[in-house]
Amino acid sequence: MIQLMIGRKLDLSRREQAAGSLGEVALQVEGLSCGDLYQDVSFEVREGEVLGFYGLVGAGRTEIAETLFGLRRPTAGTIRLGAEELNHIASPATAIAHGISLVPESRKEQGLVLGMNCRDNMTLPQVGDLTSGPFVSDGAEIAIFDQYRDTLQIKTPSWRQAVGNLSGGNQQKIVIGKWLAMRPRILIVDEPTRGIDVGSKAEIHNLIRKLAGQGYAVIVISSEMPEVLHVSDRIVAMYHGRVMRTFTADEVTEDSLVAAISGIDQGRAA
Amino acid sequence: MDKKMKALIAGSTAVMCLALAGGVSAKTIKIGITQNNVGVDSYQTTYEKAFIAAAKADPNVSTVVLDAGGDVARQIAQIQDLIQQHVDAIIVWPTNGKAVVPAVKKAHDAGIPVVITNSNIAKQGMPYIAAFSGPNNIKQGEEAADLMCKALNGKGQIVQISGKPGYTTAIQREKGFEVQLAKKCPGVKIMATQPGDWNREKSQRVMEDFLVKYPKIDGVYAADDNMGVGALNAALAAHRAKDIKFVGATNFAVGYEAMAKGEYYGSVYQSPVEDAKNALKTAVEVVEGKKVPKMNYFPTPPIDQQNMKNFSKPVF
Amino acid sequence: MAETHTTASLAPAATERPRGGQGENAMAETRLKQIGGLLARQGIFVAFALFMIGFAIFSDRFLSVENIMSVLRAAAIIGVMALGVTVVVIGGNLDLSVGSMLSFSTVMVVDLHDKIGPGAAIGVTLVATLGLGAVNGLLVGVAKLNSLIVTLGMLSAIQGLTLIYSGGKNVDIANQDTTWFKIFGRGYIADIPTPIVIFALAAVVLHVVMAYTPFGRRVYATGGNQTAAVFSGIRRNRVVFATYLISATCVAISAIILGSRVMGSQNNVGQGYELQALAAVILGGTSLLGGAGTIWKTVIGVLILGFIQNGLLLLGFEYYVQWLVTWAVIILAVWLDIAAKRGRLWSPIA
Amino acid sequence: MSDNPLKSAMQWLARNPIWSFILLIFIFFSIANPYFFAIQNFKNILVQTSTIGLIALGMTLVMINGNIDLSVGAVVALAASLCVDIQDWHIFAGWGDWAILPAVLAALAAGTLLGALNGLIVWKTGVDSFIVTLGAMLGVRGLVFVYTKEQSFFASNFAFSDFGSSNIGPLPTLAVLFILCTIVVHFLLSHTVHGRNIYAVGGNRAAAVNAGIRVGPHMLVNFMIVGFFAALAGITLSSQMGAATPNLGTNYELWVITSVVLGGTKLNGGAGDIIGTFGGVLAIGILRNGMNLMQVPAFYVLVILGAILIAVLFLDKQLNRKGKEELRL
């Protein structure tokens, strides 16, 4: 029945190629809680791995991402980044310093300054480093923009274009480019393809796989089952602020995934 | 304790003590005052201090000192509040001579005598007040016109910098000056009038524009010395001060000094201390049932470079 | 090249507004768009030039060097303040406390001049003014309270502080002719009045800071979209705090010019200046929503206001006519500005 | 069981910090000053707040819309001047007390028209209302001086000022008028389609357009309402004084906005109500009255008012916090 709902079969063939090439544990979360939002969340991500977070809206996935990015203060638990163990991450600036990047859920509200041009948006997190003397270096900025425009195939007449005038897909690519340009160790993408056209969707999916292939630790949060199944190596299923089960690529089935995120097999979660 | 309180601003807190003490002994006279806008210039502040000091010197008097902050509506509210407190007399420094009439009538109807201070109430309000105490602003305008006429030997072209538009003192001084000049000194022409808002910097800016517009200016009349000195500053900067006679009103310390230096021709001397004492005395006499004249003007003589030795330097 | 990247990034929030009515009057609209493209960048210049020409026709003294210098000198006081306000507004906030802060600082610098000497007076005043700016910055930046109300409250509170400090009295400098303090308001540097030099210098410095430094970029981003700025790792608290410190510094500089020019101060000397400064900022095309605007256009806004006042006075109009004209000018200039940016004259609001 | 009403009252106060604040200062002044707690004084407070209060009613609507009107102070002066001047015109000489009627109507019409002008400019040009009314604040004051030629007007007919100090039953007429208007506007905002649209337009303009609301005319109407109330406030104020001065209403816009925001209306629009505004107006009125009675020196009053304004905002922020796990923006 679920197969009918989704309308296509699972494609797990691609997974084998990724297996075995995993690197160090980039991020390990232990018993992380944040008030009523989520409780006792534990997981780890390795370099070269895509970890999917699947669940219904309100399951606490975005809030976990925001906590890892220093936007929320957890009430319990630890966050281990490489060798370093932290109780919390103080601010997005600290998160960035630790090599974490977050492509947020809402690109218009959280991802972009719509009135600002493409280049300035893309270099915003690192503008403090792109300087010659006290001034922003035009050349360094344009170089970064050109690089990611080509890599991500962003369609814009010029970097001077205000991002508000771009299509949804290109806007999203600017946000992704902005965070790739930070060369993070851990890239978190929250609903990376919401509200963008099919072509761009596929491009972004391929990109995520490619990034993992290059050794990034990637966390993908999505409410679309095909997406999460397509890009992830492992999937964390959440329900009501709790991790119900973590699936590996081999064991995941649509039935079990749906069961996990709707709280049906609560017994197994404990 | 008392010393520390004095150190506090304007000693108003001390007055509160007095007011409390007043509650204890029943025989004291309780007088409420609502001032126009303390702090807008030194005159009003000095007035307030002198008033408080004078009240303190008289053991039979306790006071309630309020400030309308230049807002007519707030002044009316304050008069209502004073009626509410059943004071023995209310002294009003009108923010506007016409607008306070009904409130004054209300106090009058409640049996509380009202003394107007500094600038007078409109004639419609005269039946409801016990007395007026203060300078004669129209007369001051006239005195300034006479000074100007003397300074220019009856011939020349001048500019006028008036007070803040819409305020009684500004209007009366302007009127007194213009009428008297036209009558007594037809040879002196007013080329232009602009408001300086009782603000020295604004007046300086206005004068700078006048200096550009008129290649020849023989005299400047400013509705107070604060603005007069602003105009003088502008003329000094343009190196034209020597050709211009400056006449002001309400002699300020800066005006007095400029006069001593010979840069400023003259002004009208008006002491806020005198003003305050006069108001309190009038109010006390009214409460005590003495006969007082309705119009209690205190003298405001003209002051110029010749006779300034006879006056002490203003404290504000 | 120099200013392109900021101006280009200042695209209007037009994308957020519903678009409609395209097709009809297409021809007229394209033409308007072409003119608009030019005006969007230079509209305020055009308006300014028209004014100057208009006044020059009717008053032969208007364009004299003497008059221009005199207007600029007087406008420098509000001008420097307006520069600081521009930074705050670009950062997405308002500062209505600058007027009473100016009164405070002027009273303080003039009062302390005779007590502790000009140098120390300037130092103490600067510190005290920055302190007030820091209070604004803490309340708006760190406590995240609404800037309009905070600075409105500060307007009242600082007014009271000034009166408490001075006891309500005017303050004056005794030896006006001998103190070196006179250079700021009355002096000349290479035949140009010092206030103009200071204003120009402040404008250049702030323009460079806003257009070419990472800090400037962060201010634009914070004003443009506060949430996105935080999500980009910008420490919003510090940025907003800093904008208020800049604003306070500008006020302190204005106060020094004002105190030196007048050689005295009243407690209400800056009353109403906050709105004049804000009007200049708005005339310069800085959006009250934040994230857009430029320093040098604020300079034009200041000049327009200064020359209107001067021009109407030279033409012999009553003061209240100046108010009526300013009413029309503010609305027309801002309308012209946004009409050019959105490419159509009338608003798309249904 | 018995503490339930108390508990819910406490919760209500926590959600509406302005009323807790009013309670606090009310108790404070009652204890601290012997003249405060008196029926006559409460009447005074109501009359004194009615001016700012009437304007605040209209301002609440405009501000929930996401707009603002800074020109109300100048409109107060214009309406007051018109009202007091016109009743003394020669053509109405034979009308007796009825001469007041055309004067009042003219003043109300002027206020409503200026409101319409502001609204029309905001609607048609798309210029932000802050700018439009900032200009109007200056321009309308200019109109006042053009009309009055700097003169104050005095109502020679005492019937006009008697109205201002008259009573209906035990209550002052102006207080009754204010309370009536409060009820009417409250009803308008909470029980009519127009009221619902006010929130819709302020909350999300694009969505309001999609829902078929004609946003432009809608905002125009609200600007007319605030203009009307500013004019009405000008009339009641001038009838309290029996006179009008051209500087009347200076800075009123600041106090009106302050009261409205204290009452919980959001500056960005979309939220707020009349009960809250009434509380905000009352809070400032009580503070001013109490400080007058206690003779707080004028200089300190300014500091205290400023500090309280910020403190209430701070309190509101603290009370509306969602908790520690809130997003730290």
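Naming: A, B, ... by sequence-line order, numbering from 1 per chain. The structure presented is a predicted model; accordingly, all values stated were derived computationally and were not measured.
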Euclidean distance, B/N96 CG relative to D/F153 CZ, rounded to 0.5 Å: 11.5 Å

Heavy-atom check, side chain of [X] versus side chain of [Y], under 4.5 Å:
X      : Y      : result
D/Q240 : B/Q80  : yes
D/N247 : B/T95  : no
D/Q48  : B/R74  : no
B/Q85  : D/N41  : no
B/I171 : D/E150 : yes

Contacting moiety of [X], where chain B heavy atoms sit under 4.5 Å:
X      : answer
D/F160 : neither
D/D162 : side chain
D/F145 : side chain
D/L237 : side chain
D/T250 : neither

Chain D contact via B/D81 - which portion, at a heavy-atom distance below 4.5 Å: both

Portion of B/A77 that has a non-hydrogen atom of chain D nearer than 4.5 angstrom: both

Side-chain (B/D67) to main-chain (D/P297) donor-acceptor, under 3.5 angstrom: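 It does not hold such a pair.
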
Enclosure of D/L180 CG (heavy-atom neighbours >12, cutoff 6.0 Å):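 Yes - once you tally the heavy atoms of other residues, nucleotides and ligands closer than 6.0 Å, there are more than 12.
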
Considering all heavy atoms, the nearest B/A99-D/A243 contact: CA-CB, 3.3 Å

Shortest non-hydrogen contact from D/Y35 toward B/Q84: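 Looks like O-NE2, 3.5 Å.
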
Most contacts with chain D, counted as non-hydrogen pairs under 4.5 angstrom, among B/P102, B/G97, B/G125: B/P102

Please set out all donor-acceptor pairs under 3.5 angstrom arising from side-chain atoms of residues 170-179 of chain D, sequence neighbours excluded.
{"from": "D/T173", "atom 1": "OG1", "to": "D/S166", "atom 2": "O", "distance (Å)": "3.0"}
{"from": "D/T173", "atom 1": "OG1", "to": "D/S166", "atom 2": "OG", "distance (Å)": "2.6"}

